[in-house]
Number of protein chains: 2
Amino acid sequence: MKRKVTLKQIAKELDVSISTVSKALRNSVEISEDTKQKVQAFAKLYNYKPNNIALSLKNRKTNTIGIIIPEIVHHFFSKVIRGVELVANQRGYNVIIGLSNESFAKEVINMEMLANGSIDGFIISLSKETLQLQDYHHFNETINQGMPIVMFDRVVNEIQCDKVIVDDFEGAKNAVEKLIKNECKHIALITTKDYVSVGRLRTQGYLEALKTHGQDLKAELILKLDDNVDYEVNLDALEKEIEQLFKSNSKIDGIFAVNELYALTAMRVAGRLGFRVPDDIQVIGFTDGVLSKHSTPSLSTVSQHAQLMGEKAAGLLIDKLENDHEDETYQTQIIASELIERESTK
Amino acid sequence: MKRKVTLKQIAKELDVSISTVSKALRNSVEISEDTKQKVQAFAKLYNYKPNNIALSLKNRKTNTIGIIIPEIVHHFFSKVIRGVELVANQRGYNVIIGLSNESFAKEVINMEMLANGSIDGFIISLSKETLQLQDYHHFNETINQGMPIVMFDRVVNEIQCDKVIVDDFEGAKNAVEKLIKNECKHIALITTKDYVSVGRLRTQGYLEALKTHGQDLKAELILKLDDNVDYEVNLDALEKEIEQLFKSNSKIDGIFAVNELYALTAMRVAGRLGFRVPDDIQVIGFTDGVLSKHSTPSLSTVSQHAQLMGEKAAGLLIDKLENDHEDETYQTQIIASELIERESTK
DNA sequence: TTCCGTCACGAAAACGTTTTCGTGTTAAAA
DNA sequence: TTTTAACACGAAAACGTTTTCGTGACGGAA
């Protein structure tokens, strides 16, 4: 077992100073050709690679970015990570992940753990609990210490930083307009409670589309679900809620759901109740998920371009890092969503 | 913008030495109560936290583990990561990710990038290309330098290290036996080419089950797909292959597929060809996926307990790290798979 | 011969810690 | 009064780099 070789060891072996070795390896003009050759050959032989930690300490720069997300077993977030990793790698950065698990406390802990020198900057999507509590001190403190943050998807105005979001409002509006254009007269909305910013915006998009096209808003067509319930493990409850929606509104002919699971479950419940999709009821979801593509019928959906969001976020962060934060202005990049039409709409 | 405060700054401010500050903060008996109080109060006020990088350099221990996987937008792998992150966090470690994207070169690059001091050990699942090339030098070099590796799922005998695998053979055998018990007489296998170890083992499980129960093996019932084709983006091609399988074997009444996508697609194709699932054809997949649960009919499947695999892998790695690698023996932990019966089987 | 400039290299500081060892002061013991 | 021990603290090394600055040797110019 050969431990990694250091400059010091090379220096000793070759009977020169550490400085000489370092310079020789970096091809400094200060060092004679002879010595350079000798040192470089030796280094190659022993597969010398500079120690990253030492470099980080010296340069006060880790070339690592931290990404904190609520959940990783989630198509959207894993695609974002892929985007982040892609450009991070291209630009010589590593990616370290922290999962908040939708918990405020874990978000704070994770950030504190990483903020003490382990990384150069953060990419973050807020946990639901943080959104509820509206406690953003940990972000502001981090920013105050000179560590840049880029937020994506679940963002919040109270924090001054770069942001990457999808046009939730427009995306939802387009989706609902599509349903209207397809002659749906009674479009239901399945959404979350308002504290999740994206849910709120998508709800507003729905409202706006109705308003624009002169459909009146019927409160009984809106189902607001408690997003704290994990319907992924509690599917029955979700189905009951949706079934209730159908039963008290027999004329529903269109559904816009703010995420994939809601949309899919709505389709299934509709089918069970004897409705045909898309003939009787058309459905559009909001997501980057894998379910939409593979369900039968496949689900029309508003794609968020998650990977692109990750790429943009990483790009923004690294730009800021390499400009030495000199740019004190913050930008919000909006990624255009895209309506992907599949079998659940006409 | 207040930069993070260091020991040196505290020392200067309080007019004591750096050593004194360090000791005071660690509650050393060498320091008087008075001084301790003063220092600790000051540190708290300025929110002093030791710099991780400096600690890493000093202790030659980063408390970070690297996980290298072929793909992150994948239910199985993201669940593994969740498991890894869970126990890593519990035990005070961070997790840094590298994506090989199924490429040998990227796997090597990623490992080299991390092996130079950034992490204490690796958790890895091999890329397909690595499995094909059978070039494992980067693993052996890493291990030789004293950095422990734990492999999971896609492992290989040539590398001496701890491993965590699922009982692919048994899992497949059980699944096929379930089909046999449910009176399937013509069970087809949809699998990958043999270089992916897990595909090979599952295939063997299928063969073994047939043999045990006296069914003869019909080569035309086995569909070996080229796993290099990304059928996720090339669904049509996959459907065609499977359709071909059905058409040339009209008596198929059971299907065992080595992953979720194959199983799901088989169900869909079967449906299109007029077969009813599970009445005419029963289907079992192999996966930890989300598709199985939400498809209609929902898919019976062999669960791999991905998160548990991640937890075990992290546990093994950290154990080895904290025993100072003194334990020179390697173990292979086998996670029992579990047949989850849903609607696609009787 | 003297001076100066170039060449090739080494010493040392710095990044932020922890820890070992040394040392000056004070109080108690002889 | 002298010796000793406890106490409280500081200096310095170490982790592995990079970089600035200093310096001795040597050759050429004056």
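In what follows, chains carry the letters A, B, and so on, assigned in the order in which the sequence lines appear, proteins first and then strands, with residues in each chain numbered from 1.
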task = Using heavy atoms and a sub-4.0 Å distance, could you list which residues of residues 12-27 of chain A are near DNA chain D? By number, please.
result = A/Ile18, A/Ser19, A/Ser22, A/Lys23, A/Arg26
message = Contact list please: residues 38-47 of chain A against DNA chain D, heavy atoms, distance less than 4.0 Å, in numerical order.
response = none
ask   = Parallel, tilted or perpendicular: which describes the rings of A/Phe152 and A/Phe76, with under 30° parallel and over 60° perpendicular?
value = tilted
Can you tell me if [X] and [Y] form a side-chain donor-acceptor pair at under 3.5 Å?
| X | Y | result |
| --- | --- | --- |
| A/Gln307 | A/Glu311 | yes |
| B/Lys4 | B/Asn51 | no |
| B/Ser125 | B/Asp153 | no |

Student check: side-chain heavy atoms of [X] and [Y] closer than 4.5 Å:
| X | Y | value |
| --- | --- | --- |
| B/Thr64 | B/Val95 | no |
| A/Asp162 | A/Leu317 | no |
| B/Ile67 | B/Ile97 | yes |
| A/Glu112 | A/Val108 | yes |
| B/Leu25 | B/Val21 | yes |

message = To the closest 0.5 Å, what do you measure between CD (A/Gln160) and CG (A/Asn157)?
response = 9.0 Å
ask   = Rounded to the nearest 0.5 Å, how far apart are CG of B/Leu99 and CD of B/Glu107?
value = 11.5 Å
Check this for me: does any side-chain nitrogen of one of [X] and [Y] sit under 4.0 Å from a carboxylate oxygen of the other?
| X | Y | value |
| --- | --- | --- |
| A/Lys36 | A/Glu33 | yes |
| B/Asp319 | B/Arg91 | yes |
| B/Glu102 | B/Arg154 | yes |

Output one line per pair: protein atom, nucleotide atom from nucleotides 22-28 of chain D, and distance, for all N/O pairs under 3.5 Å.
none

A/Phe77: partners by ring-ring contact (aromatic ring centres under 6.0 Å, His included), with sequence neighbours left out = A/His74
Nearest-angstrom distance from the residue atom CD1 of B/Ile31 to P of D/dA6 = 18 Å
task = Could you say whether B/Val29 or A/Tyr48 is positioned toward the 5' end of DNA chain D, judged by the nucleotide with the nearest heavy atom to each?
result = B/Val29
5' to 3' contact window, DNA chain C with chain A (heavy-atom distance under 4.0 Å) = C/dA8 to C/dG16
key: Sub-4.0 Å heavy-atom contacts from residues 54-63 of chain A onto DNA chain C, ordered by number   = A/Leu57, A/Lys58, A/Arg60
